[in-house]
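Step one of this worksheet: look at the structure below.
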Amino acid sequence: MKPRVKTKKIYVGKIAVGGDSPISVQSMTYSKTEDVKTTVEQINRLHFAGADIVRVAVPDYADAKALKEIREQTSIPIIADIHFNYKLALIASEFVDGIRINPGNIGSRERVREVVKACQDRKLPIRIGVNAGSLEKEFENRYGATAEGMVASADYNIKYLEDLGFTDIKISMKASDVQRTVDAYRQLRSMNNYPFHLGVTEAGTKFHGTIKSAIGLGSLLLDGIGDTLRISITGELEEEIKVGRAILKDSGRVKDGINIISCPTCGRLEADLVKAVDEVERRTKDIKKSMNISVMGCVVNAIGEAKHSDVAIAYGKGKGLIMVKGEVVANLDEHNLVDRFIEEVYKFEESK
Ligand code: SF4
């Protein structure tokens with residue numbers, strides 16, 4: 001795996017983004033932000049699910065003003081997402097930890113300048129959030145809604161902020177298809193050292209959103225690109241965090257937690273492996289230490305996998321083996337296997 005690209009470290013409240021800081025996972029509420037009670041509930045749900053940063057939409061003055069109360073009732077860093085009306089960014093900047101603007105639709109240069117000044121005064125970072133669907137006219141006319149157009153827009157806006165003496169910047173360049181998104185991030189990576197917020201936008205349902213995000217963000221993360229990410233799924237709040245964390249884990253950028261190796265099953269299977277793996281996943285999901293465990297349906301590949309696993313099960317006809325670091329520690333009736341396996345997993349965790 002390529003080493004992670006070294007970027008500038010900035011801070012969204014207490015969360016560091018870029019540099020050597022962990023890659024953070026963020027998401028967004030879907031409530032009307034002016035509905036303080038529901039918005040606070042959703043922010044807390046995301047926080048509890050493992051989000052590091054939460055973004056809220058601020059389409060109106062009532063939303064911007066509600067941020068004061070929301071701030072008082074939450075502790076996770078909050079980013080205000082602003083389109084079209086720069087004055088909302090000015091109000092929001094008093095209560096949040098960062099501002100996201102899409103320079104293509106925020107208005108004149110003078111308005112961007114005012115937003116920058118407010119953020120400078122309060123030491124807030126700005127995310128330049130380029131979206132293929134809303135490029136500035138000049139870039140759309142020249143390049144169309146392409147990766148090149150997104151890169152040109154991002155580069156132009158970075159330089160504009162730099163000219164104002166502002167460098168607490170992170171950048172996203174999102175398109176609804178994977179290839180354009182990946183191309184844009186890859187092209188821009190060699191042009192500056194600002195942290196990148198990764199995401200495939202409007203990625204769709206739980207199923208397709210997960211796949212598109214895994215391909216797109218996974219490709220970039222394997223290249224060492226990415227400092228924070230948001231998964232876009234039409235679905236429940238917690239799902240985006242779960243998928244984001246899984247992509248970080250499975251791309252190897254996060255070592256902590258359980259990695260489950262399980263076979264796809266075939267005609268040699270002698271047990272209800274699907275049920276067993278579900279149960280193992282549920283009962284080990286809170287383990288924080290880095291561990292590999294394998295749950296295999298027969299001995300064909302189980303012994304080989306067990307050699308690379310910390311704790312392993314190999315099912316056989318009505319019974320099975322449990323191995324720790326490749327050594328058999330139990331040979332049990334299949335009904336007792338999962339309980340003993342979990343016991344060994346927690347024992348191993350304690351010993352690490
Ligand atoms: Fe089939 Fe055994 Fe391989 Fe599972 S481990 S897929 S049951 S051969």
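All values below come from the heavy atoms of this structure, side chains included, with hydrogens, waters and symmetry mates left out. The first residue in the sequence is number 1, and the count goes up from there. In each ligand, atom 1 is the first atom listed, and ligand 1 is the first ligand listed.
In summary, no N, O or S atom of C298 is located under 2.8 Å from atom 1 (Fe) of ligand 1. At a cut-off of 2.8 Å, C263 is counted among the residues with an N, O or S atom near atom 4 (Fe) of ligand 1.
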Checklist entry - Do T210 and I233 pass the side-chain contact (heavy atoms from CB on, under 4.5 Å) test, and can you show the C-alpha distance, the side-chain angles, and the key distance before you say yes or no? => result CA-CA 7 Å; T210 300; I233 287 176; 3.7 Å; yes
Next on the checklist: Does R55 form a side-chain contact (heavy atoms from CB on, under 4.5 Å) with R127? I'd like the steps, not just the answer.
Outcome noted: CA-CA 11 Å; R55 184 159 45 112; R127 168 155 68 97; 3.0 Å; yes
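Around CD of E281, the count of heavy atoms belonging to other residues, nucleotides or ligands within 6.0 Å does not exceed 12.
Close approach of ligand 1 to R268 (heavy-atom distance below 4.0 Å) involves ligand atoms 8 (S).
Nearest protein neighbour of atom 1 (Fe) of ligand 1, counting heavy atoms only, is C266 SG, 2.3 Å.
Counting all heavy atoms, side chain and backbone alike, T167 lies closest to E162 at CG2-CG, 4.4 Å.
The residue from N301, V295, T265 that puts a heavy atom closest to atom 3 (Fe) of ligand 1 is N301.
V280 is listed as a side-chain neighbour of I293, based on a closest heavy-atom distance under 4.5 Å.
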